[in-house]
Amino acid sequence: MEKMILKVNGKSHEVEAAPSDTLLWVIREKLKLTGTKYSCGKAICGSCTVHLDGTPVRSCVAPVASATNKEITTIEGLSESGLHPVQKAWIEEQVAQCGYCQSGQIMQAVALLNKNSNPSREEIVGYMKGNLCRCGAYMRIIKAIEKASELG
Amino acid sequence: MNDHKNIKVDSSRRKFLRNASVLVSFASVPISFSLAGCELEAQDSIARELLQKELNIWVHLKEDDTVTISNPTSEMGQGSMTALALLIAEEMDLDWSKVNIINSPAVPDLFGVGWNGRGSKSMITVGSRTVRSYYTMLRQVGAQSRYALLKSTANEWSVPFDQLRTHNGFISHPDSGKSISYGQSLAFFDDGIKMPDFDENSLKQPKHFKLIGKINTRVDVPEKSDGSAIYSIDIDLPSMVYGVITRSPVNGSKPKLMNKQELEGMPGIIKVEMLDHGVALIGQTVQDVLNAKGSIEIEWSSAPADEHSSGEAFMSYVKQADQSEVINNMISEDGPVEEAFRNATQVLKADYFNEYVYHAQMEPLNAVANVKDNTAEIWLGTQAPGNARSAIANHLGLKEDEVKVHRTYLGGGFGRRSRHDYAIEAIELSKRIKKPVKLLWTREDDLQYGMYRPLCMQRMSAAINDQGQVVGWKHVIYGTGGGLLGSGARVEFYDFPSHAIGVNNIDHGIRTKHWRAVGHGPNKFAIEAFLDEVAEKTGKDPLEIRLELMKNHPRAKAVLQKAAEMGRWGDPRPDGVGVGLAFAERSDSLAACVCEISLTEDSEIRVRKVWAALDGGVIVHPDNTIAQMEGGIIMGMSSVLKEKVTIKDGKIQQSNFHDYELLRIDEAPEVLEVALIDSTEHPTGIGESGVPIIGGAIANAFANLTGKRLRHMPFTSDRIKEALG
Ligand code: FES
Ligand code: FES
């Protein structure tokens, strides 16, 4: 166990963890930010996606040590009000069903739009294909990203 | 929180509740109101507050006009928590923007409903039963709640009851120009009012609906878009510890732990516990228990399922079907079927194969349990909270009201979460360690200790006369899964002069379970694909043969025609594009679709466009209905194109999403349109209706494209290459 500083959603937190502990469980259990979800634990589904310095990362396979000295953003930190343009579009398009995959979907979509503000359908599905949605909300995820891109 | 005696339950409220025959018919319910009060009180402080509010157990109205409606259903993405509240709000003429929804306590006697509104009450969210079962009852609740408010106001204002009007949460008396909000009217609310009965005819007619069919947002969507929605996996209790279990790799095998001491010495491990079906590790953090789980060494006893391999089972089904035509469990039989086959000009036969399929809900199973000497609490994403509560009480030797089930959102259910094996595990661990425990199933646990949609083969046969008509229809299912196998095998909308439909169950000792529409997936695939084979043999168009068979079923015909029209059935398609259609009923809803497919260079099917139509009776929540159809079709596509659990010597061969692949967003259709048929009929189930139509439609589109038949799901590139020769 080591003490380390994690900067999450603009705030610094001191946590005690082994460097190899996965970022996901530190975020969920030690920082109590439960919007980031566990689903596969092997970087196959995208439910656990957070940003490290703006880059989407699967926190279930990221050692916590890889996140020190970086800005970590979780779904809770996307906006004060929960109404980031992508979240607004998600609500307008009524994307969520069970909702469990959606934090990861939204984090991935935000990263896409930060890089490419006007993606084509092909670019959208290419960038989002690491994020599974068992409820099958894919049609609406695509529409919401297109809408968010219009909302700017 | 424990002092429920402080809650005032005055006798006049009791009288109101007793009079309200639908609201709570206490005469026939073995639970007294004060006991119900304890339940509400003990669940959480919000509920305690609500108990002290008017009007009744379903509707809590405040002076500031906010209304909180109790939700009895398990919200797992299907949207019925919104739909049910709309039923009450419609009949009460509520201002929808003032409505909040909370989960009701897990007390089926109070909040449950019988199937289709009849029979014994349960709180089980399965089989797309929720809206259709609660449809009349909750509108009656709304009507009675409105009546009580109106009657109190009529008395207070000394005006005739029938001169009062309601609109958007207000009561008005047009003659005098008086108006008051529902909340303000609480000042003179009389809860001793005697209720009339409201039968279906005295409720609003669909043409007067202002909310049903008009509201297109779901209440749970915002909190599912900002990470604040709470699932059981998110629950955190003081001094909670974590548990994981390594379970039998072969159903029924028993563990012998080889390295207990080593595990006990690992960082953060508090306890190693033996269970009948596995070994549990309890530790300080998830990381601790996951680390230790990787080192566990167990020798497993043999079990009957050791003998089972899914590939070999298929061969045994074919052999059995070839040897004997006996049907052990007849589902439906009509007309002189044997004679039809004896006298047929042609007999057509084909076998269809379906692998085990896994639920793969994105939230793996988990539960948080806290067992004390005489009480138990559990935080659970469950489709069957009432059954879970009984099972926990039974397991611990407690009374039901000593068990509190806190219902959270479900990160997907699809049938898996109507069992409570995972709840009992968490309860058992908490009992042994005397602390709150969060039990986590890893994805690997969830997949490998799953309960699968049954493995099965459909042997289809048609007797065709010299006019090219089907005069006999046989559909025999061979597989493992008992009653699960037969769902969707009936042909209620195709009038064959004779038919015999049944199941031969062969028990392989594998856990099987409902899976979104369960047998409808495999059976409708077989029926719809085989019907196209018959059409081809008899020189008929796939649409025409179905319309002819459906001629006495106008609703079914209309749905199929709608889908055909949307998908421009009969129009030529570009080169490299195949088109197919299919029809299926599920939970009394009728659905049909047309789809276009193409093949990739790697011989994979891409479903490009899907047009679907649904007749689900009165549609309470149209946008959500469309979302359910989209989701059902995409989940259906996933199962048809990609998903299979294979078993070798009793062991599951897949472990995570790398080898149990689900459909991804780049494989979603470019176009997926859904049309809802206008109807004033009683609502029917919609949550599963998208799944059964897509298998047959894809198989038929493939035949249209290539002239070859796919008869074994999933349609992977290997099987496609094999079919193409
Ligand atoms: S949980 Fe991290 S990618 Fe699936
Ligand atoms: S909304 Fe349920 S998994 Fe995506």
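The basis for the numbers below is simple: all heavy atoms, side chains too, and nothing from hydrogens, waters or symmetry mates. Convention: sequence-line order gives letters A, B, ...; per-chain numbering from 1.
Of the listed residues Ile142(A), Leu78(A), Ile75(A), the one with more heavy-atom pairs under 4.5 angstrom with chain B than any other is Ile75(A). In terms of heavy-atom pairs under 4.5 angstrom with chain A, the leader among Met637(B), Glu670(B), Arg664(B), Lys224(B) is Arg664(B). Ranking Ala18(A), Ala96(A), Ser79(A) against chain B, the residue ahead of the rest is Ala96(A), based on heavy-atom pairs under 4.5 Å. Contacts with chain B were tallied for Lys88(A), Gln102(A), Lys32(A); Lys32(A) has the most, counting heavy-atom pairs under 4.5 Å. Interface check for chain B: of the options Glu29(A), Met1(A), Met128(A), Lys42(A), the most heavy-atom pairs under 4.5 Å are formed by Glu29(A). In terms of heavy-atom pairs under 4.5 Å with chain B, the best-connected choice from Cys133(A), Gly35(A), Cys135(A) is Cys135(A). The most heavy-atom pairs under 4.5 Å with chain A, out of Asp226(B), Val286(B), Val671(B), come from Val286(B). Ranked by heavy-atom pairs shorter than 4.5 Å toward chain B, the options Gly99(A), Cys98(A), Ser81(A), Gly130(A) are led by Cys98(A).
For the residue pair Asp445(B) and Gln448(B), no side-chain donor N or O sits within less than 3.5 Å of a side-chain acceptor on the partner. Side chains of Glu630(B) and Tyr138(A): a donor-acceptor N/O pair is absent below 3.5 angstrom, by distance only. Neither side chain, Gln654(B) nor Asp659(B), offers a donor N or O lying under 3.5 Å from an acceptor on the other. Counted by atom type alone, Ser80(B) and Gln78(B) present one or more donor-acceptor pairs between their side chains at under 3.5 Å. Judged by distance alone, the side chains of Gln284(B) and Tyr242(B) never bring a donor and an acceptor atom under 3.5 Å apart.
The parts of Asp623(B) that come within reach of chain A are both its backbone and its side chain, each placing non-hydrogen atoms under 4.5 angstrom from that chain. With a threshold of 4.5 angstrom between heavy atoms, Ile634(B) approaches chain A through side-chain atoms but not through N, CA, C or O. If you measure heavy-atom distances from Thr22(A) to chain B, the contacts under 4.5 Å come from both the backbone and the side chain. When heavy atoms are compared at a cutoff of 4.5 Å, Glu667(B) does not approach chain A at all. In this structure, chain A has a heavy atom under 4.5 Å from the side chain of Tyr231(B), while its backbone stays farther away. Residue contact with chain A, scored on non-hydrogen atoms closer than 4.5 Å, is absent for Leu447(B). With a threshold of 4.5 angstrom between heavy atoms, Thr217(B) approaches chain A through its backbone and through its side chain. Of the two parts of Ile626(B), the backbone and the side chain both hold a non-hydrogen atom closer than 4.5 Å to a non-hydrogen atom of chain A. Looking at Met76(B), the atoms closer than 4.5 Å to chain A (heavy atoms on both sides) all sit in the backbone: N, CA, C or O. Residue Leu440(B) touches chain A through its side chain alone, counting heavy-atom pairs closer than 4.5 Å. Contact annotation for Gln361(B): only backbone heavy atoms (N, CA, C, O) come within less than 4.5 Å of a heavy atom of chain A. Using a 4.5 Å cut-off between heavy atoms, Glu643(B) contacts chain A through its side chain alone, with no backbone atom that close. Of the atoms belonging to Lys37(A), it is side-chain heavy atoms, and not backbone ones, that fall under 4.5 Å from chain B. Contacts between Asp446(B) and chain A at a heavy-atom distance below 4.5 Å are absent for every atom of the residue. Interface remark: Leu410(B) contributes backbone atoms only to the contact with chain A (heavy atom separation under 4.5 Å). At a 4.5 Å heavy-atom cutoff, Pro267(B) makes no contact with chain A through either its backbone or its side chain.
Contact annotation: the side chain of Trp379(B) never approaches that of Asp234(B) to less than 4.5 Å [non-hydrogen atoms, C-beta and beyond]. By the 4.5 Å heavy-atom criterion applied to side chains, Gln108(A) and Arg58(A) are counted as neighbours.
Met81(B) and Ile101(B) get closest at one heavy-atom pair: O-CD1, 3.5 Å.
Within 6.0 Å of the CD atom in Glu14(A), the count of heavy atoms belonging to other residues, nucleotides or ligands exceeds 12. Within a 6.0 Å sphere centred on CG of Asn114(A), heavy atoms belonging to other residues, nucleotides or ligands number more than 12. Environment of NZ in Lys115(A): sparse, with no more than 12 heavy atoms of neighbouring residues, nucleotides or ligands closer than 6.0 Å. Within a 6.0 Å radius of NZ in Lys30(A), other residues, nucleotides and ligands contribute more than 12 heavy atoms.
Here the side chain of Arg218(B) pairs a donor or acceptor atom with the backbone of Gly77(B) at under 3.5 angstrom.
Ring planes of Tyr358(B) and Tyr660(B): perpendicular class, angle over 60° (limits at 30 and 60°).
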